[in-house]
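A quick write-up on the structure given underneath.
In each ligand, atom 1 is the first atom listed, and ligand 1 is the first ligand listed. What you are looking at is a predicted structure, and each value in this text was computed from that prediction instead of being measured.
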Amino acid sequence: MTSERALPIAVLGSGSGSNCQSIIDAIEAGALNARIVCVISDVEDAPILARAQRHGIPAEHISGAPFKTKIAGDAEKQYIARLTESGAEVIVLAGFMRIIKAGLLEAYAGRIINIHPSLLPAFPGLHSWKQALEYGAKVAGCTVHFVDGGTDTGPIIIQRSVPILEDDTSESLHARIQIEEHEAYPEALRAITSGRAKLIGRRVALS
Ligand code: GAR
């Protein structure tokens, strides 16, 4: 751990928050030089909010309405206002199920990262582990990437693979991918907090 100041990050999520938990655990273990300044969910009763609160992290619900799959308009303004007020310098999407549009992207250009449950560019979009299983792929995994204007198209920071087994179900495969996610997200954040992640074109060099 360096003596440099802890990077203020915000986590956005819509569900269980197990990835957020892995980041909290890494910080509390002294393995990640960051502090979570706020957790925001577009889902009022998402467990991610309770997880954050249990660790003394400010957590709140901000609706994404009127849209179902994106953050835009007034909702986007509310997100930007809260994130600005929190002092977050990097926005971490951890199971946040809405597309980030131009306003938020421009406010945090190059400083929004996401975790996706596939080896991108394969299987972008929803339920990617299920897509991989149904396609008949032999390998699945997860990707941590910078967010750009496309759907799961931004520069890749880290990927981890898992084999797809003959007897895998959608649930068993997602569970194994999540084990890798919980290692990959803190690892990618460590590369960012220590200044080792350098964007060269659309490639991310981890020096
Ligand atoms: C994770 O598997 C994450 O990769 C996925 O949602 C899950 C959230 O789990 N994200 C996406 O599918 C984004 N397109 P969590 O709430 O337990 O972290």
Verdict with reasoning, Thr69 to Met97, per side chain to side chain contact (heavy atoms under 4.5 Å, CB included)
CA-CA 7 Å; Thr69 56; Met97 302 311 279; over 6 Å; no
Any luck finding a side-chain donor-acceptor pair between Arg160 and Thr143 under 3.5 Å?
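No, no side-chain donor-acceptor pair sits under 3.5 Å.
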Does a donor on one side chain and an acceptor on the other come within less than 3.5 Å for Trp129 and Ser118?
no
So what's ligand 1 close to, N/O to N/O, under 3.5 Å?
unit_1, atom_1, unit_2, atom_2, d
ligand 1, 2 (O), His174, NE2, 2.9
ligand 1, 2 (O), Gln178, NE2, 3.3
ligand 1, 2 (O), Glu181, OE1, 2.9
ligand 1, 2 (O), Glu181, OE2, 3.1
ligand 1, 4 (O), Glu181, OE2, 2.4
ligand 1, 9 (O), Gln178, NE2, 3.2
ligand 1, 16 (O), Ser16, N, 3.4
ligand 1, 16 (O), Gly17, N, 2.8
ligand 1, 17 (O), Ser16, OG, 3.3
ligand 1, 17 (O), Ser18, N, 2.8
ligand 1, 17 (O), Ser18, OG, 2.5
ligand 1, 18 (O), Ser18, N, 3.4
ligand 1, 18 (O), Asn19, N, 3.0
ligand 1, 18 (O), Asn19, ND2, 2.9

Arg190/Glu187 ion pair, N-O < 4.0 Å
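Between Glu187 and Arg190 there is no salt bridge, as every charged N stays at least 4.0 Å from the carboxylate O atoms.
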pair Leu133-Ile164: side-chain heavy atoms closer than 4.5 Å:
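A side-chain contact under 4.5 Å exists here.
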Show the atom names and distances, to 0.1 Å, of all donor-acceptor pairs under 3.5 Å that link a side chain in residues 101-112 to residues at least two apart or in another chain.
unit_1, atom_1, unit_2, atom_2, d
Tyr108, OH, Thr84, N, 3.4
Arg111, NH1, Glu89, O, 2.8
Arg111, NH2, Ala107, O, 3.3

